[in-house]
Amino acid sequence: MLRSTALLLLTSILALASPLLEPRGLNTEQVVLDGVSWGANKLSQIGTKDGQVGTLTKWDWTDCGSPSDALQIDSIKITPDPPKPGQDLTIVASGRAQSKIDVGTYADVTVKLGLIKLLTKTFDVCEELDNANATLRCPIAPGTHTITQTVALPREIPRAKFQVDALVYTQDEEPAACINLWINFLVPDLQED
């Protein structure tokens, strides 16, 4: 699941602000437009470098599940943050299994570009863990777990805003987890030296 989520994270994005919006609270390092609805919370930022204003790729995720779900996602961290096309992306996710996760657990994943669905697919969670050579394997015992996965981001990531919605179900067809991911590659980042 995390491998497919990691790959789909790369293809997820949300809205940038209109060019007519003016940033508030400008400083020499970074500006965040506040009080503006971005559609996926704070996914776009404006930063400055050498007096030039530009965007910073932003990503975010939310746990859309319930406290009774079999999997509780505590954190998802990425390196580099923000992600950069053409570089490896390392994702570290941690959470708790509240019950045994076994063969038959699956994830229904939808990737959207704005309101347009690009992909709807069902993934076998245990098979994805095996294919990713992940340190975590099925069956997953109840308890706290952390998984690290590195994926290569293609240099040709489209300049777009993506959203990924993943609904995970246990081998017994019970809700296991719900995750919404966003990433914005719409405008190139400020160039680093």
Side-chain angles (χ1 to χ4, degrees), residues 1-27 29-49 52-65 73-93 95 107-123 128 132 147 149-168 177-192:
M1 175 186 92
L2 293 177
R3 178 177 171 262
S4 59
T5 301
L7 292 173
L8 293 170
L9 169 66
L10 307 176
T11 58
S12 65
I13 355 187
L14 253 198
L16 281 177
S18 160
L20 301 176
L21 297 175
E22 293 187 21
R24 292 179 274 171
L26 181 63
N27 66 33
E29 294 179 15
Q30 182 176 352
V31 176
V32 177
L33 297 181
D34 54 11
V36 178
S37 173
W38 298 92
N41 297 329
K42 27 188 188 348
L43 289 184
S44 297
Q45 294 180 339
I46 294 179
T48 61
K49 182 175 178 178
Q52 298 292 327
V53 176
T55 62
L56 300 171
T57 299
K58 184 73 175 165
W59 72 280
D60 203 355
W61 70 281
T62 58
D63 182 343
C64 49
I73 309 300
D74 295 326
S75 70
I76 299 175
K77 297 178 182 174
I78 64 169
T79 305
D81 187 357
K84 302 200 180 315
Q87 293 187 10
D88 284 353
L89 177 69
T90 300
I91 301 164
V92 178
D108 287 330
V109 178
T110 302
V111 180
K112 298 180 199 170
L113 176 62
L115 297 175
I116 301 168
K117 287 183 184 179
L118 297 178
L119 170 73
T120 300
K121 187 168 182 177
T122 299
F123 293 91
E128 290 298 318
I147 186 169
Q149 180 67 33
T150 300
V151 294
L153 291 182
R155 184 172 300 281
E156 303 80 22
I157 292 176
R159 291 186 182 177
K161 301 171 279 184
F162 296 94
Q163 178 178 340
V164 177
D165 301 322
L167 295 169
V168 183
C178 177
I179 303 169
N180 295 323
L181 303 162
W182 302 273
I183 191 164
N184 191 338
F185 286 112
L186 190 59
V187 180
D189 284 346
L190 295 170
Q191 297 297 314
E192 294 184 17

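Nothing fancy with the numbering, it's 1 onward along the sequence. As the structure is a prediction and not an experimental result, all values here were calculated from the model.
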Evaluation steps, side-chain contact (heavy atoms from CB on, under 4.5 Å), between Ile78 and Trp61 | CA-CA 11 Å; Ile78 64 169; Trp61 70 281; over 6 Å; no
Criterion side-chain contact (heavy atoms from CB on, under 4.5 Å) on Leu119 and Val109, from CA distance to verdict | CA-CA 8 Å; Leu119 170 73; Val109 178; 5.6 Å; no
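Counting heavy atoms from C-beta outward, Gln87 and Pro85 have side chains that stay 4.5 Å or more apart.
A pairwise comparison of heavy atoms in Leu113 and Lys161 identifies CD1-O, 3.2 Å as the closest pair. In terms of heavy-atom proximity, Ile179 sits nearest to Cys64 at N-SG, 3.4 Å.
Evaluated for a salt bridge (Lys or Arg N to Asp or Glu O under 4.0 Å) with Asp165, the options Lys121, Lys117, Lys112 yield exactly one hit, Lys112. For the side-chain hydrogen bond (donor to acceptor under 3.5 Å, both in side chains) with Thr150, the lone residue among Asp88, Thr90, Thr79 that qualifies is Thr90.
With values rounded to the nearest 0.5 angstrom, Asn180 atom CG is found 10.0 Å from Thr110 atom OG1. Note that OG1 of Thr122 and CG of Leu167 are 10.0 Å apart. Values are rounded to the nearest 0.5 Å. Atom CD1 of residue Ile73 and atom SG of residue Cys178 lie 10.5 Å apart, to the nearest 0.5 angstrom. A distance of 9.0 Å separates CG in Asp60 from CG in Leu181, rounded to the nearest 0.5 Å.
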